Amino acid sequence: MNHPSAIIHPNAAIGEGAEIGPFCVVGDRVKIGARTRLLAHVVVNGNTTIGEDAIVYPFTTIGMPSQDRKFEGETSFTKIGDRTILREYVSIHRATGEGQVTTVGDDCLLLAYVHVAHNCQIGNHVTMSSSAQLAGHVLIEDHANVGGMTGVHQFVRIGTYAMIGGMSKIGRDCPPYFLVEGGPAIVRDVNRIGLHRANFFAGSHGRVERVLQTPVSIETQHVASARGDSRAGQDAGGPPSHRIH
């Protein structure tokens, strides 16, 4: 059902049961999946695909041109997965580079004022709290959580089931399964609460128990191994056992 005040380009593809609310603008080459709801005042532009059963709250913008100075109007894309919820004033920009894609996966929750810049790749079941900001080319793996008002530098990778504390300054890669927080950020602990909620400890999971008992002093080596480099001993200040590389 489309509200009469909505502006929908004739080339846009609107799935069965989708709802385009008051004062929404849906541009050329946009595809909106079945039963997805654009509540009101939503702008979707460019080569953008939104999956099924998503909910997009007022004043969200999706698929607007990249803010990258290198962007020259090339054909690029934005993709939002199924059942993802985008709250008020979220902005997601399409990619820089011919044929490149900015992606948000399935079952994600992006709270108010989150920004996802060009070429970011966000996995499935990711939660980003209010005002978290991603620079370009950031990769967030499945089930990660990013706390409110956190800033993430371009090209950073955040591992699966990582928990990033609120108001953190993330300038380097963050390891999976760990709690990372601060400015500059440091590894604080294993993400115990997140792993328990995800039932990592159901049944016999001795390996996870051994991780919980591992001293923090191995964490930089863990991160260096994940990155494929050997910079664990090249600290940028602070305790070598805690600094993120």
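Everything quoted here is computed from the prediction, not taken from an experiment.
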Check against side-chain contact (heavy atoms from CB on, under 4.5 Å), I92 and T61: CA-CA 6 Å; I92 303 172; T61 60; over 6 Å; no
Tell me whether [X] at atom [atom1] has more than 12 heavy atoms from other residues, nucleotides or ligands lying less than 6.0 Å away.
{"X": "E16", "atom1": "CD", "answer": "no"}
{"X": "E72", "atom1": "CD", "answer": "no"}
{"X": "H3", "atom1": "NE2", "answer": "yes"}

Pair H118, T102: side-chain N/O donor-acceptor within cut-off below 3.5 Å: no
Residue pair Q121 / T103, side-chain donor-acceptor N/O under 3.5 Å: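 Q121 vs T103: donor-acceptor pair found between side chains.
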Residues in ring pair (Phe, Tyr, Trp, His ring centres under 6.0 Å) contact with H41, at least two apart in sequence or another chain: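 Here the qualifying residues are F23, F59.
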Following the transitive rule for hydrophobic clusters with a side-chain heavy-atom cut-off under 4.5 Å over Ile, Leu, Val, Met, Phe, Trp and Tyr, establish whether [X] and [Y] coincide in one cluster.
{"X": "V42", "Y": "I14", "value": "yes"}
{"X": "V56", "Y": "L111", "value": "no"}
{"X": "I122", "Y": "V180", "value": "yes"}
{"X": "I32", "Y": "Y57", "value": "no"}
{"X": "Y89", "Y": "V43", "value": "no"}

L39 vs I55, side-chain contact (heavy atoms from CB on, under 4.5 Å): CA-CA, chis, key distance, verdict: CA-CA 7 Å; L39 298 185; I55 304 176; 4.2 Å; yes
Short question: side chain of [X], backbone of [Y] - any donor-acceptor pair under 3.5 Å?
{"X": "N45", "Y": "G63", "result": "no"}
{"X": "E141", "Y": "T160", "result": "yes"}
{"X": "T96", "Y": "D68", "result": "no"}
{"X": "Q133", "Y": "S131", "result": "yes"}

Pairwise distance CZ(R94) to OG(S76) - rounded to 0.5 angstrom: 5.5 Å
Spacing of I158 atom CD1 and I140 atom CD1 [to the nearest 0.5 Å]: 4.5 Å
D173/R157 under salt bridge (Lys or Arg N to Asp or Glu O under 4.0 Å): CA gap, chis, key distance, verdict: CA-CA 5 Å; D173 293 353; R157 178 173 181 168; over 6 Å; no
Side chain to side chain contact (heavy atoms under 4.5 Å, CB included), paired with M128, selected from V152, V90, L134: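 The option that passes is L134.
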Side-chain heavy-atom pair [X], [Y] within 4.5 angstrom cut-off:
{"X": "S129", "Y": "V146", "value": "no"}
{"X": "R37", "Y": "M1", "value": "no"}
{"X": "T49", "Y": "T78", "value": "no"}

Ring-ring centroid check F200 Y161, cutoff 6.0 Å: yes
Smallest separation among heavy atoms of T36 and E52, with atom names: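 In this case the closest contact between T36 and E52 is OG1-C, 3.5 Å.
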V126/N124 under side-chain contact (heavy atoms from CB on, under 4.5 Å): CA gap, chis, key distance, verdict: CA-CA 6 Å; V126 170; N124 302 321; over 6 Å; no
side-chain contact (heavy atoms from CB on, under 4.5 Å) assessment of D28 paired with V30: CA-CA 6 Å; D28 189 12; V30 170; over 6 Å; no
All salt bridge (Lys or Arg N to Asp or Glu O under 4.0 Å) counterparts of D107, not counting sequence neighbours: R83
